[in-house]
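What follows is a set of notes on a single structure, which appears directly below.
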Amino acid sequence: MVSRRSILKRAAVVVCAPMINRGRFSLFAQSETEYSARTIDLVGSATVIDMLGLLTLNYRKMSAWQTEPGRFLPSDFHRLRDSGITVFHPAVGYVAGDIYAESLRDIVGWNAFINAHPEQFQRVECVSDFERIKSLGKIGILIGQQNSEHFRTVEDVDRFYLLGQRVSQLTYRCNRIGGGSTGPGDPGLSAYGVQIIERMNEVGMAVDISHCSDRTTMNAIEASRKPILVTHSNCRALTPGSARCKTDEAIKQMAAKGGVMGITMVRTFVGAGQQVTIERVLDHIDHLAKLVGVEHVGVGSDVDLNGRETRAQSTKRFDLDGINYARKIYDLTEGLVKRNYSSPDIELILGGNFERALSETWIS
């Protein structure tokens, strides 16, 4: 089990090394952006966990990678590794058709992809895997789903756990378990939903409430004996009217259970206006840290290394201004440094907090 004290002790070893800004360095080709030595050191030493981190939003490409391993090139791996992210949680939510079959196909596909590239990737199954993946220079894949409707029965929780699933978001929209943030009404957590949470607690599968409605969010926190995760959301206090963002009340209850909230970089949930930059993302981190403590802050970017905007979507903005998502972790870390977060606290935000919460959850 990983405690906050052990994470801070590990981080302190890094802090003892010279961490002053010894200069500024450009890490990425064809980019004039420079980062402080402290930022580079922090990203290099931390186990960075993106709790809604997508290898690609091009799902045709992802399908090809899974079914034809040779289509995944060394350059693809190097680009992912150069992002600074150690562990990706690339969960998607199936909401139509045979959701059980689609979720099963997705997880089988991830297992095939990982097995085809054992020198580059490793499935994250237990807490010790985090340190192992970091030390070996691999990329970790944390298998999850964004809609637990694939749990047709309580026993399906066990079946999917054995396949490698370690995180499951209860609802994407309204389902048998409870309400979704965009669904009609707010029915709250059902009796069946309570049973699902109980079984997830028993086997050691983390409960994610990112897309849950307000009432289902509060019910789920109360029902769980283990820490509750909000893998990708933001603070409603800074984005009034956004049902996908969490209220201060919900954040406080989540933190009281030892949970962690991953701050997203999707423009819609960061803020409104002509200019929405990484600074607004940092504002959400500041709010969360002041409200419940830095021990409950994490990263859940909900975007790949290219961003969400395409020419076909040019009328709607999804991406932040002035950001290259391939270096989002470096930009975020540089911002935390400039806002005077300590090095141990930055390492907690980058991954230490989620590592601690998962360690407490995965003990069945």
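What you are looking at is a predicted structure, and each value in this text was computed from that prediction instead of being measured. Residue numbers start at 1 and run along the sequence shown.
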pair [X]-[Y]: side-chain heavy atoms closer than 4.5 Å:
X	Y	answer
Arg327	Tyr35	yes
Ser242	Thr268	no
Phe130	Ser359	no
Glu125	Trp362	no
Ile346	Arg38	yes
Ile143	Leu163	no
Leu55	Phe121	yes
His150	Ser168	yes

Worksheet item: Can you list every pair that meets ring-ring contact (aromatic ring centres under 6.0 Å, His included) and has a residue in residues 246-287, with sequence neighbours left out?
Response: none
Item to complete: May I have all residue pairs that pass ring-ring contact (aromatic ring centres under 6.0 Å, His included) and include part of residues 165-184, sequence neighbours excluded?
Response: Tyr172-His211
Item to complete: Would you please test Ile99 and Tyr94 for side chain to side chain contact (heavy atoms under 4.5 Å, CB included) and show each step?
Response: CA-CA 6 Å; Ile99 295 173; Tyr94 295 98; 4.2 Å; yes
Any donor-acceptor N/O pair, [X] side chain to [Y] backbone, under 3.5 Å:
X	Y	result
Asn111	Val108	no
Ser148	Thr171	no
Asn219	Gly188	no
Asp321	Val276	yes
Asn353	Gly298	no
Asp76	Phe72	no
His232	Gly300	no
Arg132	Gln122	no
Arg280	Leu320	no
Asn175	Gly178	yes

Quick check on the hydrophobic clustering: are [X] and [Y] connected, directly or via other members, by side-chain heavy-atom contacts under 4.5 Å?
X	Y	value
Leu291	Ile209	yes
Val294	Leu332	yes
Met261	Val266	no
Met218	Ile228	no
Tyr325	Ile139	yes

So how far is it from [X] [atom1] to [Y] [atom2], rounded to the nearest 0.5 Å?
X	Y	atom1	atom2	answer
Phe113	Gln120	CZ	CD	7.5 Å
Ile141	Arg123	CD1	CZ	11.5 Å
Asp304	Ser83	CG	OG	10.5 Å
Leu54	Asp302	CG	CG	6.5 Å
Tyr59	Asp106	OH	CG	9.5 Å
Asp129	Leu142	CG	CG	10.0 Å

Does [X] come within less than 4.0 Å of [Y], counting only side-chain N to carboxylate O?
X	Y	value
Glu279	Arg339	yes
Asp331	Lys328	no
Glu102	Arg105	yes

Have [X] and [Y] got a donor and an acceptor in their side chains that come within less than 3.5 Å?
X	Y	result
Ser224	Lys257	no
Thr47	Thr86	no
Thr56	Asn58	no
Gln169	Thr231	no
Asn234	Thr239	no
Asp82	Tyr330	no

Item to complete: Just do the side chain to side chain contact (heavy atoms under 4.5 Å, CB included) check on Arg267 and Asp319 with the steps written out, would you?
Response: CA-CA 5 Å; Arg267 185 189 190 97; Asp319 294 345; 5.8 Å; no
Which pair of non-hydrogen atoms, one from [X] and one from [Y], has the smallest distance, and what is that distance?
X	Y	value
Gly144	His89	CA-NE2, 3.6 Å
Asn147	Leu170	OD1-O, 4.1 Å
Cys245	Ser233	CA-OG, 3.4 Å

Item to complete: Run through the side-chain heavy atoms of Ile, Leu, Val, Met, Phe, Trp and Tyr, join any pair under 4.5 Å, and report what else lands in Leu238's cluster.
Response: none
Response to the item:
Note: with side-chain heavy atoms under 4.5 Å as the link, the other cluster members for Leu136 come out as none
Discussion item. Please identify which of these residues, Met200, Lys226, Arg199, meets the side-chain contact (heavy atoms from CB on, under 4.5 Å) condition with Met205.
Written reply: Met200
Discussion item. Run Leu57 and Asn306 through side chain to side chain contact (heavy atoms under 4.5 Å, CB included) and show every step you take.
Written reply: CA-CA 8 Å; Leu57 279 161; Asn306 296 315; over 6 Å; no
Item to complete: Go through the steps to decide whether Ile85 and Leu80 satisfy the test side chain to side chain contact (heavy atoms under 4.5 Å, CB included), and finish with yes or no.
Response: CA-CA 7 Å; Ile85 300 170; Leu80 292 170; over 6 Å; no
Give the table of side-chain donor-acceptor pairs shorter than 3.5 Å for residues 190-197, with sequence neighbours excluded, one pair per line with atom names and distance.
residue, atom, partner, partner atom, Å
Ser190, OG, Arg176, O, 2.6
Ser190, OG, Ile177, O, 3.2
Ser190, OG, Tyr192, N, 3.4
Ser190, OG, Gly193, N, 2.9
Tyr192, OH, Phe151, O, 2.5
Tyr192, OH, Arg152, O, 3.4
Tyr192, OH, Thr153, N, 3.4

Discussion item. Take a 6.0 Å sphere around CZ of Arg60 and say whether it holds more than 12 heavy atoms from other residues, nucleotides or ligands.
Written reply: no
Discussion item. Which label fits Tyr100 and Phe160: parallel for a plane angle under 30°, tilted from 30 to 60°, or perpendicular past 60°?
Written reply: perpendicular
Worksheet item: Any salt bridge (Lys or Arg N to Asp or Glu O under 4.0 Å) pairs touching residues 236-247, not counting sequence neighbours?
Response: Asp214-Arg236
